[in-house]
Amino acid sequence: MQKEYRNIKEVVGPLALIEGVEGVKYDELVEIEQQNGEIRQGRVLEINRDKALVQLFEPSQGLKISSSKARFLGHVFDGMGRAKDGGPEIIPEKYSDINGEPINPAARDYPDEFIQTGISAIDGLNTLVRGQKLPVFSASGLPHADLAAQIARQAKVLGAESKFAVVFAAIGITYEEADFFIRDFRRTGAIERAVLFMNLASDPAIERIATPKMALTAAEYLAFEKGMHVLVIMTDITNYAEALREISAARREVPGRRGYPGYLYTSLASLYERAGRIKGKVGSITQIPILTMPEDDKTHPIPDLTGYITEGQIILSRELYKMGCIPPIDVLPSLSRLKDKGIGEGKTREDHADTMNQLFAAYARGKECKELSAILGEAALTKVDKQYALFADMFEKRYVSQGFDVNRSIDETLDIGWELLKILPRSELKRVKDKYIEKYLGE
């Protein structure tokens, strides 16, 4: 029988201080029972001599410490993977530490296989490859939830024989957003190959921190034990960082940038670095973390640190969204550092790299021409400048804006790119080999 302690001295936010404890271990599970029999669970966060700092899994409101008693259960925290849909309790095949173990760098295999998301702005210009971590930088009010749902139901590895699965972690989202994801997954059948972890905005902060770790642990099991290609989508990482800040403030830790704890970088890296491939293993974990940039600021600590750890970013544009461009992906500042490894003959198509470079260059030139026209008037543009300006408009309307229900193959994406390049004089196609121009443009 576990020893009970009645000297709970203080409760601050999600933290409780218990004094006079003996033989307590770090990460041990704790039960705090009130006089009316209600039990709240937590885990040991810190130990100092006979004092234990406990992190509660549930809100501390209404907890009467004078009449409550605490029991230390003697085993460590292993997650809160309880069914939220009223289903039966999960019977596990294996228990794993949700904090994971770092992948040995020498055992890592290089990401180099194309993953088709069905979204032209990603597949054609900022290609996702198997084992990569490619975040989406969004902003408040932009449709990142719709984009996440689209990627979850459309993504697949071309020509792969092994199974493909999606692990979806919703972190601190509203009830409406959670309901949207569940309904969309059920409507499209994506739920048949998906594992969903749902943490709502009303749930406690400690659960918000545990949710992505549990999701990644499930992904590691599917990938490295069951040999599956696993795509992990996490939204919203900003809520995860806010939960870290809340608990750090409750612990009275010295704050870092913008009040976030100094270990924010380490904590984010412990999530992102669980993506990858392992030599000798069939499965892999590919990550698409989604975060909303506070005040649309790319230099905010959360997107800033995320950019250091991950291999690029997909940026959503408020300006494109106002213009009705869906999805509003701004391809120029977006980047996939591994895109060159997953494209080309045998992976996508032989002309992919050349058309990608040409489309980037032409769109950038077209945007400049449109800005020049807005300042000096259309009369200031040459004939070629006007063609570039037209190209930029058509590129946004036909290539980027495809809607959330259109699933394009990589061949369709590349063919649309060639159709758009017909707007420009052939002499301007300086980044495409002549043999590809002859083959795909003809006369």
Side-chain angles (χ1 to χ4, degrees), residues 25-31 41-45 54-57 72-85 87-109 130-133 152 162-171 191 193-199 203-235 237 240 243-244 247 263 266-289 309:
K25 305 180 188 68
Y26 172 73
D27 249 6
E28 193 171 329
L29 275 179
V30 185
E31 283 185 350
Q41 290 193 321
R43 68 165 179 171
V44 177
L45 193 66
V54 173
Q55 203 167 38
L56 298 174
F57 299 157
F72 293 86
L73 303 182
H75 53 274
V76 298
F77 171 69
D78 61 4
M80 295 168 289
R82 300 183 292 257
K84 297 191 85 166
D85 57 0
E89 285 191 22
I90 296 170
I91 301 174
E93 290 185 15
K94 181 181 179 181
Y95 284 95
S96 298
D97 183 352
I98 65 168
N99 295 302
E101 294 182 3
I103 299 176
N104 185 336
R108 278 188 179 271
D109 208 354
R130 189 163 72 90
Q132 184 180 6
K133 39 195 182 289
S162 58
K163 296 178 182 178
F164 191 87
V166 175
V167 174
F168 191 91
I171 308 164
I191 201 164
R193 61 167 188 173
V195 181
L196 277 66
F197 289 83
M198 291 288 182
N199 167 259
D203 292 330
I206 177 59
E207 189 176 316
R208 203 154 299 146
I209 293 173
T211 299
K213 295 179 180 179
M214 289 190 291
L216 286 164
T217 304
E220 287 169 346
Y221 174 74
L222 293 174
F224 305 129
E225 300 281 338
K226 298 297 183 181
M228 301 177 79
H229 298 317
V230 184
L231 176 64
V232 180
I233 300 175
M234 300 183 288
T235 181
I237 293 296
Y240 171 82
L244 283 178
I247 290 172
Y263 50 81
T266 308
S267 186
L268 290 173
S270 70
L271 299 181
Y272 299 148
E273 292 297 345
R274 292 172 76 171
R277 299 170 60 192
I278 298 177
K279 292 175 182 175
K281 299 276 187 179
V282 176
S284 63
I285 296 176
T286 306
Q287 277 188 28
I288 299 185
I309 305 165

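The shown structure was predicted, so the numbers you read here are calculated from the model rather than taken from an experiment.
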| query | Are any of the side-chain heavy atoms of K163 and H229 separated by less than 4.5 Å? | reply | no
| Distance (rounded to the nearest 0.5 Å) between Y272 OH and K133 NZ | 10.5 Å
| query | Do you know which two heavy atoms are closest between A152 and R193, and how far apart they sit? | reply | O-NH2, 2.8 Å
| message | Does any part of the side chain of R43, heavy atoms only, come nearer than 4.5 Å to the side chain of V30, both counted from C-beta? | response | no
| Does any non-hydrogen side-chain atom of P212 lie less than 4.5 Å from one of I171? | yes
| Between I278 and F224, is any pair of side-chain heavy atoms under 4.5 Å apart? | yes
| request: Give, for atom CG of L216 and atom OG of S96, the distance between the pair rounded to the nearest 0.5 Å. | output: 12.5 Å
| Quick one: CG on L268 to CG on L244, what's the gap to the nearest 0.5 Å? | 7.5 Å
| Option passing side-chain contact (heavy atoms from CB on, under 4.5 Å) with T211 (candidates R208, K213, E207) | E207
| message | Does any part of the side chain of F164, heavy atoms only, come nearer than 4.5 Å to the side chain of V230, both counted from C-beta? | response | no
| How long is the gap from NZ on K279 to CG on N104, to the nearest 0.5 Å? | 9.5 Å
| task | Would you give the length of the straight line joining atom CZ of R277 to atom CD1 of I285, rounded to the nearest 0.5 angstrom? | result | 12.5 Å
| task | Could you tell me whether R108 and E273 have a side-chain N and a carboxylate O separated by less than 4.0 Å? | result | yes
| note | Between P289 and I237 the two heavy atoms that sit nearest each other are CB-CG1, 3.8 Å
| task | Might you point out which heavy atoms bring V232 and A219 nearest each other, and give the distance in Å? | result | CG2-CB, 3.5 Å
| With side chains defined as the heavy atoms from C-beta onward, is the minimum distance between L231 and I288 less than 4.5 Å? | yes
| field | Euclidean distance, I247 CD1 relative to I209 CD1, rounded to 0.5 Å | value | 3.5 Å
| query | Does a side chain donor of either Y240 or S267 reach within less than 3.5 Å of an acceptor in the other side chain? | reply | yes
| task | Please report the closest heavy-atom contact between A165 and M228, naming both atoms and the distance. | result | CB-CE, 3.6 Å
| Hey, are the side chains of V195 and L222 touching, using non-hydrogen atoms and a 4.5 Å cut-off? | yes
| task | May I ask you to decide whether E225 forms a salt bridge with K94, counting only side-chain N to carboxylate O separations under 4.0 Å? | result | yes
| said: Show the nearest heavy-atom pair for residues T286 and G131, with the distance to one decimal. | reply: OG1-N, 2.8 Å
| Counting N and O atoms only, with roles assigned by atom type, does the side chain of E28 sit under 3.5 Å from a partner on the main chain of L45, one being a donor and the other an acceptor? | no
| field | Test item: side-chain donor near acceptor, R130 and S284, under 3.5 Å | value | yes
